[in-house]
Amino acid sequence: MDGVLIRQIYRNPDAFLQQSVKVSGWVRTVRVSKAFGFIELNDGSFFKNLQIVFDEMLDNFAEIAKLPVSTALTVEGVLVESPGAKQPFELKAHRIVIEGSSTPDYPLQKKRHSLEFLRTIAHLRPRSNTFSAVFRIRSVAAYAIHRFFQERNFVYVHTPIITASDCEGAGAMFQVTTLDLNDLPRNQEGKVDYSQDFFGKETNLTVSGQLEAETFCLAFRNVYTFGPTFRAENSNTPRHAAEFWMVEPEIAFADLQDDMVLAEEMLKYIFRYCLENAPEEMEFCNQFIDQGLIERLEHIINSDFVRLPYTEAIELLQKSGQAFSYPVAWGCDLQTEHERFLTEQVFKKPVFVTDYPKEIKAFYMRLNDDRRTVAAMDLLVPGVGEIIGGSQREERLEILEQRMRDFGLDFEDYWWYLDLRKYGGVKHAGFGLGFERLIMYLTGISNIRDVIPFPRTVNSAEF
RNA sequence: UCCUCGAUAGCUCAAUGGUAGAGCACCCGGCUGUUAACCGGGCGGUUGUUGGUUCGAGUCCAACUCGGGGAGCCA
């Protein structure tokens, strides 16, 4: 008899009812009486457990009745309709084989644990309901992203993890070196001689694949990256990690409006895909992590995102009569409290804030005709804040060079980036989506450490 | 990095400056359809670390470590 997956049984129970079935999985809990008992078995293929009914007809009944949680079993029996109210069917066991034993000190108890405690046992927490749901949703969402772009013929670009370009100053970087830190080679000025380092120059872990993605954009037209990025910022918040994943599409012959349409369609696609393809996991999140989650996501799928120019946002905030800790004035960046007010109080749905003052945005963002603002957009969502940052890129060589001078950037470091404008440069645009922030929004999990299998944050690189 | 709150049994939490407790987990026993099963009994502690105040510190003070919430930076 070949084994079946619990997922197969749940998805098509009629094919298995009254049939002999063999399943393998791990014990979530055992409830036992004198002559019979119940096992909740989870085989990893499905969020829900299969209830196993066993009785003293088993020759190893006494042993099975005392199994500690997390014992691995293979169970053979007949799938029958369950008289119990909480499950539609159950497996009446004829034979139970212990595949892998466990011990009573198994840390995961069959009760609710705090997320903080579960973080300390990151190697075991995927066996809990919450993380079983979160990490399957993470997987499904990652696949949805690939599907979305591949269906639209975007080319998936693998931009480098190790980079020599200190691009856009997006944040502090982790240095990559093979030099002996206890005995650094020095040049004549007494500075570290990186010509003796592995790459012959100073290198770091990437903070963004955008500039490299632009090169492929101007060859393949529509491209996207999806991979890890690293920031050595000393950020101690529930929304920042030192290692996280970003999705960065880049589209040619496209402007900021096209960019926002793409971002909006992509998010709606991912939300819809996860609701349809991980319904049990989404329902669990809706019930135990964030009540109202599904309703909110469905509302977003069916609503139009707001487009709000920065200048109007400032006026709106100023006229709101709301007391803010940080004053609102044209030219200042929006503070968290301002973003929350806009997206949570005023609109109650995602808001694109567009056309920021050029001084507070990156050098590569396209200068608008007013010469004061750039074609940038941030997508703010209730609860999570900024989830996407994007812009139309400056394709005009002279203006780009002027902007680089304004920012004090060295042309030599960007010679290849400038070449893109020289050889058939066209208008193009793109954005970056913080994948973990998307997962937070999808699951209702409020700490980024709980949507990353093994999170790396300031002072923490366990496992 | 700043502000703020916290750290007591494996977990979640109690405990006026004066004998460290409960629920759950775990162990033993009971129970013929359980659902975080239930009922009875038992085991379980260098009170985060270091130092200080005091006759006496889980409790007060200081520093440090780790964690929660908020802010900055950002995705």
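Chain naming here is simple, since letters A, B, ... match the order of the sequence lines and numbering starts at 1 in each.
In this model, a side-chain donor or acceptor of A/Ser235 finds a partner on the base of B/C73 within 3.5 Å.
Within the nucleic acid shown, A/Glu462 has no heavy atom closer than 4.0 Å to any nucleic acid atom. In this structure, A/Leu438 reaches neither bases nor backbone, as no heavy-atom distance under 4.0 Å exists between it and the strands shown. Using a 4.0 Å heavy-atom distance criterion, A/Asp105 is classed as making no nucleic acid contact. Heavy atoms of A/Lys66 sit under 4.0 angstrom from primed sugar atoms or phosphate atoms, though from no base atom. Residue contacts shown for A/Tyr106 are absent, as no nucleic acid heavy atom lies under 4.0 Å away. Counting any heavy atom pair closer than 4.0 Å across all strands shown, A/Phe36 reaches sugar-phosphate atoms only and no base atom. Within the nucleic acid shown, A/Glu436 has no heavy atom closer than 4.0 Å to any nucleic acid atom. Residue A/Pro238 is classed as a sugar-phosphate contact, given heavy-atom separations below 4.0 Å to backbone atoms only.
As rounded to the nearest Å, B/C73 and B/A15 have P atoms that lie 40 Å from one another. Across B/C55 and B/G17, the matching C1' atoms stand 12 Å from one another, rounded to whole Å. Taking atom C1' in both B/U59 and B/U34, one finds a spacing of 45 Å when rounded to whole Å. The C1' atoms of B/A57 and B/C74 are separated by 44 Å, rounded to the nearest whole Å. Taking atom C1' in both B/G18 and B/A63, the straight-line distance is 28 Å, to the nearest Å. The C1' atoms of B/U32 and B/G23 are separated by 29 Å, rounded to the nearest whole Å. Straight-line distance between the C1' atoms of B/G44 and B/A25: roughly 11 Å, to the nearest whole Å. Atom name P, nucleotides B/G41 and B/U46: the rounded distance is 26 Å, in whole Å.
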Inset, instruction - Encode nucleotides 39-44 of chain B as B, S and - characters from 5' to 3', where the letter depends on protein heavy atoms closer than 4.0 Å: B to the base, S only to sugar-phosphate, - to neither. - result: ------
Inset, instruction - Scan nucleotides 2-12 of chain B nucleotide by nucleotide, 5' to 3', and note B when protein non-hydrogen atoms come under 4.0 Å of the base, S if they reach only the sugar-phosphate, - if neither. - result: --------BBS
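Ranked by how close their nearest RNA chain B nucleotide is to the 5' end, A/Lys92 and A/Val30 are led by A/Lys92. Comparing A/Arg449 and A/Met246, the nucleotide of RNA chain B nearest to each residue sits closer to the 5' end for A/Arg449.
Minimum atom distance to the side chain of A/Pro104 is reached by B/C26, of the listed B/C26, B/G67, B/C73. The side chain of A/Thr237 lies closest to B/A71, out of B/A71, B/C74, B/U34.
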Inset, instruction - For A/Lys358 and A/Asp406, run salt bridge (charged side-chain N to carboxylate O under 4.0 Å, His left out): C-alpha distance rounded to whole Å, both residues' side-chain angles, the deciding distance at 0.1 Å, then the answer. - result: CA-CA 11 Å; A/Lys358 63 180 180 183; A/Asp406 294 344; 5.3 Å; no
Inset, instruction - List the steps and the verdict of salt bridge (charged side-chain N to carboxylate O under 4.0 Å, His left out) for A/Arg231 and A/Glu243. - result: CA-CA 7 Å; A/Arg231 304 275 168 93; A/Glu243 175 181 317; over 6 Å; no
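The only member of A/Phe244, A/Trp245, A/Tyr156, A/Phe148 that meets ring pair (Phe, Tyr, Trp, His ring centres under 6.0 Å) when paired with A/Phe226 is A/Trp245.
Ring-plane geometry between A/Phe352 and A/Phe305 is classed as tilted, the angle between the planes lying from 30 to 60 degrees on a 0 to 90 degree scale. In this pair, A/Phe154 and A/Phe149 present their aromatic rings tilted. The plane angle is within the 30 to 60° band. In this structure, A/Phe216 and A/Phe220 have parallel ring planes: the angle between them is below the 30° cut-off, well short of the 60° mark. Using bins of under 30°, 30° to 60° and over 60° for the plane-to-plane angle, the ring pair A/Phe38/A/Phe36 lands in the perpendicular bin.
Put simply, CD on A/Gln51 is 8 Å from C1' on B/G33, counting in whole angstrom units. Taking atom CD on A/Glu339 and atom C1' on B/G72, their separation rounds to 12 Å, with Å as the unit. Atom pair A/Glu337:CD and B/G72:P shows a separation of 7 Å (rounding to whole Å applied). In this structure, the CZ atom of A/Phe324 is 13 Å from the P atom of B/A71, given to the nearest Å. Rounded to an integer number of Å, the gap from A/Glu56 CD to B/G30 P is 13 Å. A/Asp333 places its CG atom 10 Å from the P atom of B/G72, with the value rounded to the nearest Å. For A/Lys361 and B/C73, the NZ to P distance is 11 Å, given to the nearest whole Å. Atoms CG (A/Leu334) and P (B/G72) sit 11 Å apart, rounded to a whole Å.
Judged by the 6.0 Å and 45° rule, A/Arg456 forms no cation-pi pair with A/Phe454. A cation-pi arrangement is present between A/Arg125 and A/Phe131 under the rule of less than 6.0 angstrom and at most 45 degrees off the ring axis. With a 6.0 Å cutoff to the six-membered ring centre and a 45° limit on the axis angle, A/Arg136 does not count as a cation-pi contact of A/Phe284.
Checking the phosphate oxygens (OP1, OP2) of B/G33, no side-chain nitrogen or oxygen of A/Ser33 falls inside 4.0 Å. Considering only side-chain N and O atoms, A/Lys86 lies under 4.0 angstrom from the phosphate OP1 or OP2 of B/A36. Checking the phosphate oxygens (OP1, OP2) of B/U65, no side-chain nitrogen or oxygen of A/Asn459 falls inside 4.0 Å. Residue A/Lys110 places none of its side-chain N or O atoms closer than 4.0 Å to OP1 or OP2 of B/A36.
Separating the CZ atom in A/Arg28 from the CD atom in A/Gln51 is a distance of 14.5 Å, to the nearest 0.5 Å. Rounding to the nearest 0.5 Å gives a distance of 8.5 Å between OG of A/Ser20 and CD of A/Glu76.
Ring pair A/Tyr10/A/Phe89: centre-to-centre distance below 6.0 Å. Centroid-to-centroid, the aromatic rings of A/Phe271 and A/Tyr441 come within less than 6.0 Å. Ring to ring, A/His338 and A/Tyr326 are not that close: their centroids are 6.0 angstrom or more apart.
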Inset, instruction - Determine which bases of RNA chain B form Watson-Crick or G-U wobble pairs with both distances under 3.5 Å, and write the result as a 5' to 3' dot-bracket string with | for other-strand partners. - result: (((((((..((((....[..)))).(((((.......))))).....(((((..]....))))))))))))....
